Amino acid sequence: MGNRRKKVSVIGAGFTGATTAFLLAQKELSDVVIVDIPQMENPTKGKALDMLEASPVQGFDANITGTSNYEDTAESDIVVITAGIARKPGMSRDDLVQTNEKIMRSVTKEIVKYSPDCTIVVLTNPVDAMTYTVFKESGFPKHRVIGQSGVLDTARFRTFVAQELNLSVKDVTGFVLGGHGDDMVPLVRYSYAGGIPLETLIPKDRLEAIVERTRKGGGEIVNLLGNGSAYYAPAASLVEMAEAILKDQRRVIPAIVYLEGEYGFDGIYLGVPTILGGNGLEQIIELELTEDEKSALEKSAESVKNVMKVLSSN
Ligand SMILES: NC(=O)C1=CN([C@@H]2O[C@H](COP(=O)(O)OP(=O)(O)OC[C@H]3O[C@@H](n4cnc5c(N)ncnc54)[C@H](O)[C@@H]3O)[C@@H](O)[C@H]2O)C=CC1
Ligand SMILES: O=C([O-])CC(=O)C(=O)O
């Protein structure tokens with residue numbers, strides 16, 4: 001292997017998949033293979049070629065390939081799953097479960113066949129349950145199957161806080177825990193602007209409004225777009241996770257991981273603070289929670305368990 005370039009395969013060449021591929025290449029994090037179904041092979045090849053033709057202008061060196069053949073994904077370091085259907089206005093993420101579970105099972109079989117040592121990062125919704133499905137189907141250890149929600153949910157929270165305070169987003173940190181649904185748990189107590197606790201900077205009612213907007217952040221975009229869901233911020237979030245793994249950064253990042261007793265939950269995938277590095281999930285960080293925070297997390301976990309009940313893999 002030596003100094004060979006890293007390789008990331010992105011399954012699903014739709015809005016999130018294509019945007020993720022382009023960001024990975026622009027940042028020269030890896031070569032990228034984009035995979036979609038055979039009926040979409042030409043558009044997928046077209047997107048990949050179009051991205052590649054941006055490389056001389058933007059000055060990045062990365063191969064980008066579009067395909068429907070999983071052989072092209074062989075020996076990926078990371079495989080990102082964005083394949084499946086997205087919600088439309090009036091739908092919840094959970095309405096996608098039956099269709100996307102089938103897609104998760106079929107794509108995971110192919111991923112595992114060609115990249116038995118990769119780390120899989122799942123985006124497809126309902127993402128907590130879909131990450132669980134991929135974990136079961138892959139047979140991979142838990143540190144190599146993780147899901148994306150917390151980076152995005154936290155990014156939304158940080159955006160709204162920065163707007164409220166008229167400050168740089170760079171100085172705002174936050175932590176959103178729980179399932180990727182409307183009862184996710186933004187942890188205000190662990191959120192800061194330039195190291196100053198947010199609770200001392202923003203009145204309680206304004207903070208509550210920001211928390212509520214964060215919880216419904218996906219739906220806000222779905223309603224505005226009218227025919228699909230968010231993709232720029234989700235793709236940026238996937239790329240942050242991929243970078244942490246590819247560069248073994250050991251970053252503190254909220255991620256959907258398999259819990260075995262942590263936070264009092266066992267046998268489910270849920271968003272919690274983690275350390276991400278070269279092995280994928282390096283460590284789960286257990287924060288001290290107040291009774292109110294615990295019960296909010298419990299409620300969010302119940303929603304995830306209700307979705308998991310309809311999984312055929314459960
Ligand atoms: N976890 C999160 O924070 C987020 C999750 N999502 C979810 O990501 C998923 C993708 O969203 P978009 O990219 O906007 O949807 P999209 O409809 O633009 O793209 C999905 C792509 O998956 C492809 N596909 C379907 N079945 C496939 C299969 N068996 N193998 C390979 N490709 C297949 C489709 O042909 C399509 O190109 C949705 O489930 C959405 O809800 C989106 C944003 C954030
Ligand atoms: O809202 C959706 O359906 C897509 C998603 O998960 C998000 O943008 O948070």
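We're numbering straight along the sequence, starting at 1. Start at 1 and go down the list; that is how both ligands and their atoms are numbered. All figures in this text were calculated on a predicted structure; none of them were measured in a lab.
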**Asked** To which residues is M91 joined in a hydrophobic cluster, defined by side-chain heavy-atom contacts under 4.5 Å among Ile, Leu, Val, Met, Phe, Trp and Tyr, whether direct or through other members?
**Response** I85, L96
**Complete:** Going by the 4.0 angstrom heavy-atom rule, the piece of V127 near ligand 1 is side chain
**Prompt:** Given a cutoff of under 4.5 Å between side-chain heavy atoms of I, L, V, M, F, W and Y, with clusters grown through shared members, what are the other residues clustered with I221?
**Reply:** F15, L225, Y231, Y232
**Asked** Purely on distance, is any nitrogen or oxygen of A86 under 3.5 Å from one on ligand 1?
**Response** no
**Prompt:** Are any of the N or O atoms of S149 closer than 3.5 Å to those of ligand 1?
**Reply:** no
**Prompt:** Just wondering, are more than 12 heavy atoms of other shown residues or ligands nearer than 6.0 Å to CZ in R206?
**Reply:** no
**Item:** A230 to ligand 1, any heavy atom closer than 4.0 Å
**Value:** yes
**Asked** What is the nearest protein non-hydrogen atom to atom 28 (C) of ligand 1, stated with its residue, atom name and distance?
**Response** I37 CG2, 3.4 Å
**Prompt:** Does R189 come within less than 4.0 Å of E199, counting only side-chain N to carboxylate O?
**Reply:** no
**Prompt:** Among all protein non-hydrogen atoms, which one is nearest to atom 9 (C) of ligand 1, and what is the separation to 0.1 Å?
**Reply:** T82 O, 3.6 Å
**Message:** Any salt bridge linking K216 with E212? Criterion: basic side-chain nitrogen under 4.0 Å from a carboxylate oxygen.
**Reply:** yes
**Request:** Could you identify which residues cluster with I37, counting Ile, Leu, Val, Met, Phe, Trp and Tyr as linked when any side-chain heavy atoms lie under 4.5 Å apart, either directly or through a chain of such contacts?
**Result:** M40
**Request:** Indicate whether any N or O donor in one side chain lies under 3.5 Å from an N or O acceptor in the other, for S76 and S9.
**Result:** yes
**Request:** Give the residue, atom name and distance (to 0.1 Å) of the protein heavy atom nearest atom 17 (O) of ligand 1.
**Result:** G84 O, 4.0 Å
**Request:** For ligand 2, would you mind listing the residues that have at least one heavy atom less than 4.0 Å away, ordered by chain and number?
**Result:** R87, R93, N125, L152, R156, H180, G218, V222, S229, A230
**Fill in**
Atoms of ligand 1 under 4.0 Å from any heavy atom of I103, numbered from 1 in the order shown, are 26 (N), 27 (C), 28 (C), 29 (N)
**Asked** Identify the closest protein heavy atom to atom 19 (O) of ligand 1: which residue and atom is it, and at what distance?
**Response** G14 CA, 3.2 Å
